[in-house]
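What's counted below: heavy atoms across the whole structure, side chains too, no hydrogens, waters or symmetry copies. In the text below, chain A, chain B and the rest are named by the order of the sequence lines, each starting its count at 1.
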Amino acid sequence: MVTKVLCVAEKPSIAKAVANHLSGNQVIIRNVTGNVYTKNYEFHYNFATWGNCDVVMTSVAGHLLSHDFATQYRSWRSCDPSALFEATIDTFVEEGKKAISKNIEVQARYAQILYIWTDCDREGENIGSEIRDVATKINRRLRDPGKTVRARFSNIERAHIIEAARNPVPLDDAQANAVASRIELDLRIGASFTRNLTLSIQHMLQGEEKRVVSYGSCQFPTLGFVVERYFRVRNFLPEPFWTIKVMHEQEGIKVNFRWARNHLFDRMVAVILFERCLEAKTAKVTKVSTKPTSKWKPLPLTTVELQKCGSRFLRMDSHRVMQLAEQLYQKGWISYPRTETDQFDRGMDLRALVHKQIQGGPWRQFAQGLLNGGFSAPRNGRNNDKAHPPIHPVNFVDPSVLTHEEQRVHEFVVRRFLACCSQDARGSKTEISILYGIEMFSTSGLVVLERNYLDVYPYDKWTSSQDLPNFREGEVFEPTEARIQDGRTSPPGYLTEPELISLMDANGIGTDATMAEHIAKIKERAYVETRPRGRQPRRDDEDVSENEQPFEPEPARGRGRGRATGRGRGGRDGGNARDGGNSGVQEFIPTTLGVALIEGYENMGFEISLAKPFLRKEMELKMKAICEGRKTSREVVQETIDQYRAVYARTQQRLDVLRAVRSPRNASSWDILLIVK
DNA sequence: GCAAGGTC
């Protein structure tokens, strides 16, 4: 008898791709009643493990099961919110997922093998266990050893998929359990704190009665970043500094030289050094060098990068960018938009993808140029989620069939991809150093020789500077002008969306798919407000000379106070230098309520601060411990709940004080701030 | 009315 194998992927696109590879196009496609996205692919396949099989390949759409408190706890006033720490949690299939789960049941009934093809990450392992739960309920034999397996795959390239089909492995229950703990903790802690905060504070807030004051393990650290920057701006103390400016005019060109010491915070010292320069009268050219330089093309596009670029270049918030990318993906124009991978797989035929783009669009000729010899393999970044390639166009679409907003995101994706397949920009950089007294000064100039990728990627700026006059090494001249100039350090700017995303990314707050949602959530909750950043006034500590090339300028805003440098950024990208041209990008300012919440929890004196990103990191460590068998999921849930109970109790005390002291009528968010402090 | 994580 032929073995029946039921394969289930995490999403329809994977089911389709895998079915295509395994079936050799001998496939029957059936619709699934009640869900327009899910399809069943029926074909034959000779598995190394089970021989010739009848295969049904289908998919779920993310998690199949939902979790919520038992019905008696659902109403907000049904119980004390702290009861949710131990309330019964029901697991069920939500209405919208019933058709998919029914399909699994029907297909699993006579299957001998359940073959899970979810993404190879923790969530995927958990989704796999949900699929197994549904299938084994109908068909208990699938619980027997070796009857439920999963595929290990890291991309959907043909040879790789066939290799994965050859080597099924067991589902990793430890990983699935780790996620189960995460789900339970987020639900219990989020719901209990949210109900408690809302029911205690709501009536004191102006505006709508229905305002929710929520706590979430991702919302709060996100808000925390905004508040922290806010205070860094507010508490900033400008510090005076002094610098020496040297200008020399040669061949009719005015050249400004930068002091090697940049600036000093001690006026006396600066004046003494300046006087020594004047005493020397002449300056001597110590170095003239001209070297080739290049500006690297961008890395393949990840979700986080797409969101940051959306804010910077398209003036769209990250949430909107993701919505549009999702639409473009579903219409089949771009690849899967949720990816951490910034490396293209070797097996991918990138030239074929470039070829599709010669059909039209303003990038048509550039794409043709790549095919005519301009092509260069993309750079490899450091990240690979082993599930999805970088975001790239998969088909040509006439821009006129897209909405205006779709067009802009699509154009960015296409241009980014073509830039990746192009060559670095090349230039020539000249550096001139002089010794004036015993002080060093320098200037530099740039000539762009080959624009290459820049021609298709207008989001990067790299332009030739003014020509430098000829200086000879050893040449001595009397500078046209030398003066001492004072200035003050200026505060960093409020947090921008690209910066916030970088911080979340670096601290593991949210995932590529959810970061934008957390940001949208804290706006919706009125914890923060956004406004377009106006053009920053030119800072006086900014050494912008006319012949300075814009290549790798000093970090944008917020150069610190000399010793205590700058802001706490931990991102890979932490304040990309390209921020230079981003007037109009949104900046985040916390509301009084947002500040009150963070301050309130920060000042509680616990070793765990709900506002800081450590908690999420700790959660990550605990999940790892479960995965490696060092802890059980029960232990982790129990000890974490105990920690939060302590914080909850303390919160409760303060909220009680707050309620007692103020009558609802004349209280304001400021009162909350004062009292929780 | 609540979280965060998948996904359409």
Side-chain angles (χ1 to χ4, degrees), chain A residues 8-16 32 34-39 59-69 73-79 81-85 87 89 94 96-97 99-100 118-119 121-131 176 178-199 202 208-222 322-323 325-332 336-338 385 387-388 504 508-522 524-525 610 615-616 619-620 623 640 644:
Chain A
V8 187
E10 184 164 323
K11 45 188 162 272
S13 58
I14 297 289
K16 181 180 179 180
V32 171
N35 188 300
V36 289
Y37 301 102
T38 316
K39 303 250 187 294
S59 67
V60 290
H63 283 284
L64 192 53
L65 303 180
S66 298
H67 310 268
D68 202 353
F69 299 106
Y73 300 101
R74 299 266 171 99
S75 156
W76 279 40
R77 295 184 186 274
S78 65
C79 63
S82 65
L84 301 179
F85 286 128
I89 292 176
E94 226 174 50
K97 296 281 172 79
I100 293 174
T118 49
D119 291 356
D121 51 26
R122 277 198 304 245
E123 293 293 333
E125 222 60 28
N126 183 272
I127 292 168
S129 80
E130 294 178 351
I131 295 165
V179 171
S181 308
R182 197 265 308 149
I183 291 170
E184 181 175 347
L185 287 168
D186 280 338
L187 176 60
R188 290 193 187 283
I189 297 163
S192 57
F193 276 73
T194 299
R195 285 189 194 179
N196 193 25
L197 278 172
T198 304
L199 296 176
Q202 189 179 59
E208 308 139 65
E209 279 291 291
K210 287 274 179 190
R211 275 256 294 266
V212 169
V213 185
S214 59
Y215 169 80
S217 57
C218 289
Q219 292 175 28
F220 255 53
T222 304
M322 286 309 291
Q323 286 175 338
E326 179 67 30
Q327 288 170 26
L328 292 166
Y329 161 67
Q330 282 182 39
K331 291 179 188 169
Y336 193 67
R338 290 178 282 275
D385 63 17
H388 309 284
M504 294 173 74
I509 307 300
T511 67
D512 50 4
T514 60
M515 279 188 285
E517 289 173 27
H518 300 312
I519 296 173
K521 185 71 83 184
I522 63 171
E524 181 194 328
R525 294 277 186 258
L610 265 51
L615 276 188
R616 197 75 207 175
M619 173 72 123
E620 189 60 32
M623 285 173 61
T640 309
Y644 277 86

Undergrad: Please report, rounded to the nearest Å, how far the C1' atom of B:dA3 is from the CZ atom of A:Arg74.
TA: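 It is 14 Å, rounded to the nearest whole Å.
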Undergrad: What integer distance in Å separates A:Ile89:CD1 from B:dA3:C1'?
TA: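 My rounded result for the distance is 11 Å.
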Undergrad: Report yes or no: is there a donor-acceptor pair, N or O only, under 3.5 Å between the side chain of A:Asp186 and the base of B:dC2?
TA: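 When only heavy-atom distances are counted, A:Asp186 does not reach the base of B:dC2 through any donor-acceptor pair under 3.5 Å.
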Undergrad: Tell me whether the OP1 or OP2 atom of B:dG5 has a side-chain N or O from A:His67 closer than 4.0 Å.
TA: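 For B:dG5, OP1/OP2 do not have a side-chain N/O of A:His67 under 4.0 Å.
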Undergrad: Please state whether the phosphate of B:dC8, meaning OP1 or OP2, lies under 4.0 angstrom from any side-chain nitrogen or oxygen of A:Thr38.
TA: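 Result: no.
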Undergrad: If I take atom CZ in residue A:Arg77 and atom C1' in nucleotide B:dC2, what distance separates them, rounded to the nearest angstrom?
TA: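 Whole-Å distance recorded here is 14 Å.
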Undergrad: Has A:Arg525 got a side-chain N or O lying under 4.0 Å from the OP1 or OP2 atom of B:dC2?
TA: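 Yes.
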Undergrad: Give the nucleotide from the list B:dG6, B:dG1, B:dA3 with an atom nearest to the side chain of A:Leu199.
TA: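 Taking heavy atoms from C-beta onward, the closest nucleotide is B:dG1.
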Undergrad: Taking 4.0 Å as the cut-off, does a side-chain nitrogen or oxygen of A:Arg211 come that near to OP1 or OP2 on B:dC2?
TA: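 Looking at the OP1 and OP2 atoms of B:dC2, neither is under 4.0 Å from any side-chain N or O of A:Arg211.
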Undergrad: From the options B:dG6, B:dA4, B:dC2, select the nucleotide whose nearest atom is closest to the side chain of A:Glu123.
TA: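 The answer is B:dG6.
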Undergrad: If you look at every strand shown and take non-hydrogen atoms under 4.0 Å, does A:Leu65 touch a base, only sugar-phosphate, or nothing?
TA: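 The answer is nothing, as A:Leu65 stays clear of every strand by at least 4.0 Å.
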Undergrad: Does A:Tyr329 place a side-chain N or O at less than 4.0 Å from the phosphate oxygens OP1/OP2 of B:dT7?
TA: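 So the side chain of A:Tyr329 is outside the cut-off, no N or O lying under 4.0 Å from OP1 or OP2 of B:dT7.
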Undergrad: If you check every side-chain atom of A:Arg338, which of B:dG6, B:dT7, B:dG1 has the closest atom?
TA: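 Closest nucleotide to the A:Arg338 side chain: B:dT7.
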Undergrad: If I take atom NE2 in residue A:His63 and atom P in nucleotide B:dG5, what distance separates them, rounded to the nearest angstrom?
TA: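 So the NE2-P distance, A:His63 to B:dG5, works out to 10 Å.
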Undergrad: Checking contacts here: which listed nucleotide (B:dA4, B:dC2, B:dC8) is nearest the side-chain heavy atoms of A:Gln219?
TA: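 Ranking B:dA4, B:dC2, B:dC8 by closest atom to the A:Gln219 side chain puts B:dA4 first.
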Undergrad: Just to confirm, is there a sub-4.0 Å distance from OP1 or OP2 of B:dC2 to any side-chain nitrogen or oxygen of A:Ser214?
TA: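 Indeed not, no polar side-chain atom of A:Ser214 lies that close.
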Undergrad: Could you work out, with ring pair (Phe, Tyr, Trp, His ring centres under 6.0 Å) as the rule, every residue matching A:Tyr37, not counting sequence neighbours?
TA: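 Result, ring pair (Phe, Tyr, Trp, His ring centres under 6.0 Å) vs A:Tyr37: none returned.
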Undergrad: Judged by modelled atom types alone, do A:Ser214 and A:Gln219 share a side-chain donor-acceptor pair under 3.5 Å?
TA: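 Indeed, the side chains of A:Ser214 and A:Gln219 share at least one donor-acceptor pair under 3.5 Å.
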Undergrad: Name the residue closer to the 5' end of DNA chain B, choosing between A:Pro12 and A:Tyr215 according to the nucleotide with the nearest heavy atom.
TA: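 Going by which nucleotide is closer to the 5' end, it is A:Tyr215.
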Undergrad: For A:Lys331, report the nucleic acid contact type (base, sugar-phosphate, nothing); a contact means any heavy atom under 4.0 Å.
TA: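 It contacts nothing in the nucleic acid.
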Undergrad: Looking only at side-chain N and O atoms, does A:Thr118 come under 4.0 Å of OP1 or OP2 in B:dG6?
TA: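 Answer is no, no contact under 4.0 Å.
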Undergrad: Does a donor on one side chain and an acceptor on the other come within less than 3.5 Å for A:Gln327 and A:Gln323?
TA: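 Judged by distance alone, the side chains do not pair up.
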Undergrad: How close or far is atom C1' of B:dC8 from atom NZ of A:Lys97, stated in whole angstroms?
TA: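 For the pair A:Lys97 NZ and B:dC8 C1', the rounded distance is 9 Å.
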Undergrad: Return the value, rounded to whole Å, for the distance between atom CG of A:Leu84 and atom C1' of B:dA4.
TA: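 Rounded to whole Å, this separation is 16 Å.
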Undergrad: Looking at B:dC2, B:dT7, B:dG6, which one has an atom nearest to any side-chain atom of A:Asp68?
TA: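 Nearest to the side chain of A:Asp68 among the choices is B:dC2.
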Undergrad: Which residue lies toward the 5' end of DNA chain B, A:Glu517 or A:Phe220, if each is placed at its nearest nucleotide?
TA: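 Its nearest nucleotide being more 5', the pick is A:Phe220.
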Undergrad: By the 4.0 Å heavy-atom rule, please label A:Pro81 as base, sugar-phosphate, or nothing.
TA: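 A:Pro81: no heavy atom of the nucleic acid under 4.0 Å.
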Undergrad: Taking the basic N atoms (NZ, or NE/NH1/NH2) and the acidic carboxylate oxygens, is any pair closer than 4.0 Å for A:Lys97 and A:Glu130?
TA: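 Judged by the 4.0 Å cut-off on N to carboxylate O distance, A:Lys97 and A:Glu130 do not form a salt bridge.
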Undergrad: At under 4.0 Å between heavy atoms, what does A:Arg616 touch on the DNA or RNA strands: base, sugar-phosphate, or nothing?
TA: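 Sugar-phosphate contact only.
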Undergrad: Remember a base hit wins even if backbone is also touched, and classify A:Arg188 as base, sugar-phosphate or nothing at under 4.0 Å, heavy atoms.
TA: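 Contact class for A:Arg188: none.
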Undergrad: With a 4.0 Å cut-off on N to O distance, would you call A:Arg182 and A:Glu620 a salt bridge?
TA: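 No, A:Arg182 and A:Glu620 are not salt-bridged.
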Undergrad: Could you tell me whether A:Asp119 contacts a base, only the sugar-phosphate backbone, or nothing, with contacts defined as non-hydrogen atoms closer than 4.0 Å?
TA: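 Sugar-phosphate contact only - A:Asp119 comes under 4.0 Å of backbone atoms but never of a base.
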Undergrad: In whole angstroms, how far is the C1' atom of B:dG5 from the CE atom of A:Met623?
TA: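 Atom-to-atom, A:Met623 to B:dG5, this comes out as 10 Å.
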Undergrad: Ion pair present between A:Asp385 and A:Arg338, side-chain N to carboxylate O less than 4.0 angstrom?
TA: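 The answer is no: the pair does not qualify as a salt bridge.
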Undergrad: Which one, B:dT7, B:dA3, B:dA4, comes nearest to the side chain of A:Cys218?
TA: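 It is B:dA4.
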Undergrad: Using whole Å, report how far CD of A:Glu130 lies from C1' of B:dA4.
TA: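 Result: 13 Å.
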Undergrad: Kindly point out which of B:dA3, B:dG6, B:dG1 is positioned nearest to the side chain of A:Thr511?
TA: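 Taking heavy atoms from C-beta onward, the closest nucleotide is B:dG6.
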Undergrad: Among B:dT7, B:dA4, B:dG5, which nucleotide sits nearest the side chain of A:Glu10?
TA: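 For the A:Glu10 side chain, the nearest candidate turns out to be B:dT7.
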Undergrad: Remember a base hit wins even if backbone is also touched, and classify A:Gly510 as base, sugar-phosphate or nothing at under 4.0 Å, heavy atoms.
TA: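 Touches sugar-phosphate only.
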Undergrad: Looking at A:Ser217, A:Cys218, A:Ser181, which one forms a side chain to side chain contact (heavy atoms under 4.5 Å, CB included) with A:Asp186?
TA: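 Of A:Ser217, A:Cys218, A:Ser181, side chain to side chain contact (heavy atoms under 4.5 Å, CB included) with A:Asp186 is met by A:Ser217 alone.
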